[in-house]
*Asks:* 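Handing you this structure, nothing more for now.
The residues of the chain are indexed from 1 along the displayed sequence.
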Amino acid sequence: MKILLKGGTVVSGQGTAAADVLVDGETIAAVGADLDAAADKVVDCTGKLLFPGFIDGHTHFDLEVANTITADDFATGSRAALRGGTTMVVDFSAPDKGDTLHDGLRRWHEKADGKCVCDYSFHMTVDDWNEGISREIGEMVEEGIPTFKMYTIYPAMMLPEKEMFFALQRMKEVGGLTGIHCENCGVISALIEEAKAAGKMSPASHPRTRPNQLEAEAVSHVLRMAEVVDTPVIIVHLSTKEALDEVRAARARGQTVYVETCPHYLLLDDSVYDAPEFIEAAKYICSPPLRTVADQEALWLALASGEIQTVATDHCSFTLEQKRMGQSDFTKIPGGMPGVESRGVLLYTAGVAAGRITLEDMCRVLSENPAKLYGCWPRKGVIAPGSDADIVVYDPDKDSVITAADQLQNVDYNPYEGYQTKGSIAQVYLRGQLAVENGAVQEGCSGAFIRRGPCTL
């Protein structure tokens, strides 16, 4: 089937242009002004912006964590993602310690295959180290999974320094790329111990036991290790101006460092943790925690300057009942927030419409850069002939309000409740199929597993 999207403005990381888009089956056939092409359907996109489908490179669907399971599985999470303009997610396959990487990959395919309505792929979490895992890292790359994740925190998931060093060496050998969660585990554990001894068990202790300096120290530590190995890394969900300074220092030394941040670090701040009611503060527990307004501004400036390459959600959703597991102990509150449904409208509203970033910036951090970073460019991330027809049609004049009552995420609250958006998503096309129209996910959507190659960013 041929579809002609006519009269819109096509957005890329390099600029915007009034152009028509001809879709033929699952791919884009032509892009140009006043296309004169036969089509089975013509869609009037006058006054609307056409973005490449958004890619969320950091989600946690159907994850067993903190003695519970995230509220969104691949069925609910991917529907919410698609509604928000995300046509591809890259989730984290997380084998348990003692399992092989192939064990983890098999489990995540069982969770996602036939359930995910947007396209999907996986990063592979490396939380153990032996000869078998070293071998499997190369096998994962050959199987189209070239990206990995490691932690400097959480005893069940972190690698000791020596093993992390060997893992980074192996990534360099096989052309893999590692994203790292950076927080100083030892000092955070000490601060938590002190808070508990003082009887400070409320959510307000969460940010106070994970201060800015401990993210920055871990970022510096990891980047010095990567410098010795001479391999690029991704700092995931970076949240502080101090950590940004460590990245800048590494880049000044000649290192290649990629940076991801998240909408909640751009729009929310740590004042929420002082809410008098437990649940109002517990909603926002995530790691790293929300930071200050000054950190927000530093992140926005880094987005505008190109120092931050991508904005992902770290979608890790829990219901209010699950959050109440930590009613008497802030360390037992499951950490994470929903966000996969609202990322596009938040970046447009608080970024583009507010004058903080440009349309081109938004396209780069939501579409183009993640496609290049995660090895699926130019199949994804661009509106160009031969690319998958993943297209977000954005109406800048149809404002909306974000509410929990109007969401597909499988949670009973929204961190941005009552937020007035500038514009909204009118349609989403997934590989040429109309997948979302005016907020309604269409029947018959089916996500495909996407094999990926090396980073080209």
Side-chain angles (χ1 to χ4, degrees), residues 55-66 68-78 81 86 88-130 132-154 156-159 163-164 167-168 170-171 174-181 233-234 236-237 260 310 312-317 334-336 340 370 373-376 380 447-455:
I55 298 169
D56 192 341
H58 195 147
T59 63
H60 296 285
F61 297 154
D62 200 358
L63 177 67
E64 298 174 10
V65 64
T68 187
I69 301 174
T70 52
D72 278 300
D73 61 12
F74 278 88
T76 62
S78 65
T86 293
M88 179 177 170
V89 297
V90 191
D91 204 83
F92 291 88
S93 172
D96 295 327
K97 285 204 173 184
D99 286 352
T100 68
L101 300 187
H102 283 95
D103 288 336
L105 180 59
R106 181 176 61 254
R107 284 177 56 216
W108 253 255
H109 270 298
E110 290 171 354
K111 293 170 185 280
D113 293 353
K115 302 169 189 172
C116 199
V117 300
C118 66
D119 287 352
Y120 61 100
S121 188
F122 307 123
H123 308 289
M124 180 58 61
T125 300
V126 179
D127 60 11
D128 207 352
W129 189 252
N130 52 52
I133 287 178
S134 178
R135 182 187 66 253
E136 284 187 292
I137 284 174
E139 293 169 356
M140 290 293 115
V141 173
E142 292 173 358
E143 293 183 27
I145 299 176
T147 48
F148 301 82
K149 186 178 184 183
M150 293 190 287
Y151 293 80
T152 67
I153 196 164
Y154 309 131
M157 306 180 79
M158 64 187 291
L159 282 180
E163 284 74 13
M164 180 176 284
L168 289 172
R170 183 62 173 147
M171 301 300 172
V174 302
L177 183 62
T178 307
I180 305 179
H181 178 142
V233 292
I234 309 166
V236 301
H237 49 51
E260 164 201 286
T310 181
T313 62
D314 194 8
H315 179 99
C316 192
S317 59
V340 77
L373 186 62
Y374 299 125
C376 52
K380 304 290 188 181
F449 176 74
I450 304 298
R451 290 175 58 93
R452 297 175 291 118
C455 170

*Asks:* On a heavy-atom basis, which atom in Asp127 and which in Ala156 lie closest, and how many Å separate them?
*Replies:* OD2-O, 4.1 Å
*Asks:* Measuring from atom OG1 of Thr310 to atom CD1 of Ile55, what distance do you get when rounded to the nearest 0.5 angstrom?
*Replies:*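 Going from the OG1 atom of Thr310 to the CD1 atom of Ile55 covers 8.5 Å.
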*Asks:* With no hydrogens and no angle check, do the side chains of Glu260 and His237 hold a donor and an acceptor under 3.5 Å apart?
*Replies:* no
*Asks:* Between Thr70 and Cys316, what is the shortest heavy-atom contact and its length?
*Replies:*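 Distance-wise, the nearest heavy atoms are CG2-SG, 3.8 Å.
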*Asks:* Sub-3.5 Å donor-acceptor pair from the side chain of Ser317 to the main-chain atoms of Asp72, do we have one?
*Replies:*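 Checked: pair present.
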*Asks:* Donor-acceptor pair, Arg107 side chain versus Ser93 backbone, under 3.5 Å?
*Replies:*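 Not at all, since once roles are kept as given, no pair shorter than 3.5 Å links the two residues.
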*Asks:* Restricting to non-hydrogen atoms, name the atom on Gly138 and the atom on Val174 that form the minimum distance, rounded to 0.1 Å.
*Replies:*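 That closest heavy-atom pairing would be CA-CG1, 3.9 Å.
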*Asks:* Look up atom CG in Asp128 and atom NZ in Lys97, then write down how far apart they are to the nearest 0.5 Å.
*Replies:*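 It comes to 6.0 Å.
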*Asks:* Asp62 and Lys111: salt bridge (charged side-chain N to carboxylate O under 4.0 Å, His left out), yes or no, with the steps?
*Replies:* CA-CA 7 Å; Asp62 200 358; Lys111 293 170 185 280; 3.7 Å; yes
*Asks:* Using every non-hydrogen atom in the two residues, find where Gly57 and Ala312 come nearest and quote the distance to one decimal.
*Replies:* N-CB, 4.1 Å
*Asks:* Does either side chain, that of Thr59 or that of Asp56, offer a donor lying less than 3.5 Å from an acceptor on the other one?
*Replies:* no
*Asks:* Do you know which two heavy atoms are closest between Val117 and Ser78, and how far apart they sit?
*Replies:* N-OG, 2.9 Å
*Asks:* So do the side chains of Tyr374 and Cys455 get within less than 4.5 Å of each other, counting heavy atoms only?
*Replies:* no
*Asks:* Are any side-chain N or O atoms of Glu136 and backbone N or O atoms of His102, one a donor and one an acceptor, separated by less than 3.5 Å?
*Replies:*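 At least one qualifying donor-acceptor pair exists.
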*Asks:* Would you name the heavy atoms of Met150 and Ala167 that are closest together and state the gap between them?
*Replies:*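 For Met150 and Ala167, the tightest heavy-atom pair comes out as SD-CB, 3.7 Å.
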*Asks:* So Met164 and Trp129, do their side chains get closer than 4.5 Å, heavy atoms only?
*Replies:*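 No, side chains not in contact.
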*Asks:* As a quick check of understanding, evaluate salt bridge (charged side-chain N to carboxylate O under 4.0 Å, His left out) for Lys380 and Asp119, giving each step before the final call.
*Replies:* CA-CA 10 Å; Lys380 304 290 188 181; Asp119 287 352; 2.6 Å; yes
*Asks:* Given side chains that start at C-beta, do those of Leu105 and Phe122 come closer than 4.5 Å, heavy atoms only?
*Replies:* yes
*Asks:* Is there a side-chain contact (heavy atoms from CB on, under 4.5 Å) between Val141 and Phe148? Walk through the geometry before answering.
*Replies:* CA-CA 10 Å; Val141 173; Phe148 301 82; 4.1 Å; yes
*Asks:* Checking Phe61 now: which residues fulfil ring-ring contact (aromatic ring centres under 6.0 Å, His included) with it, not counting sequence neighbours?
*Replies:*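 ring-ring contact (aromatic ring centres under 6.0 Å, His included) check on Phe61 returns Phe74, His315.
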*Asks:* Hey, can you tell me if His58 and His60 have their rings parallel, tilted or perpendicular (30° and 60° cut-offs)?
*Replies:*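 Rings of His58 and His60: perpendicular, over 60°.
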*Asks:* Has the side chain of Asn130 got a donor or acceptor atom that lies under 3.5 Å from a matching backbone atom of Ile133?
*Replies:* yes
*Asks:* Is any side-chain heavy atom of Val126 closer than 4.5 Å to one of Leu159?
*Replies:* yes
*Asks:* Kindly compute the distance separating CZ (Arg170) from CD (Glu163), expressed to the nearest 0.5 Å.
*Replies:* 16.0 Å
*Asks:* To the nearest 0.5 Å, what is the distance between CG (Asp99) and OG1 (Thr125)?
*Replies:* 12.0 Å
*Asks:* Backbone N or O of Phe92 within a donor-acceptor pair of the Trp108 side chain at under 3.5 Å?
*Replies:* yes
*Asks:* Indicate yes or no: at least one non-hydrogen side-chain atom of Thr152 is less than 4.5 angstrom from one of Ile180.
*Replies:*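 Result yes, sub-4.5 Å side-chain heavy-atom pair found.
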*Asks:* With sequence neighbours excluded, what pairs up with Arg135 under the side chain to side chain contact (heavy atoms under 4.5 Å, CB included) test?
*Replies:* Glu139
*Asks:* Can you tell me if Asp73 uses its side chain to pair, donor with acceptor, with the backbone of Thr76 under 3.5 Å?
*Replies:* yes
*Asks:* Tell me, do Leu177 and Val233 make a side-chain contact under 4.5 Å, heavy atoms counted?
*Replies:*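 Side-chain contact under 4.5 Å: no.
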*Asks:* Please check this pair: side chain of Thr100 against backbone of Gly132, looking for a donor-acceptor N/O pair closer than 3.5 Å.
*Replies:* no
*Asks:* Can you sort out the partners of Val90 under side chain to side chain contact (heavy atoms under 4.5 Å, CB included), two or more places apart, ordered by chain and number?
*Replies:*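 Result, side chain to side chain contact (heavy atoms under 4.5 Å, CB included) vs Val90: Met88, Ser121, His123, Arg452.
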*Asks:* Using the side-chain contact (heavy atoms from CB on, under 4.5 Å) rule, take Ile137 and Leu101 through it: C-alpha gap first, then chi angles, then the decisive distance, then the call.
*Replies:* CA-CA 8 Å; Ile137 284 174; Leu101 300 187; 4.0 Å; yes
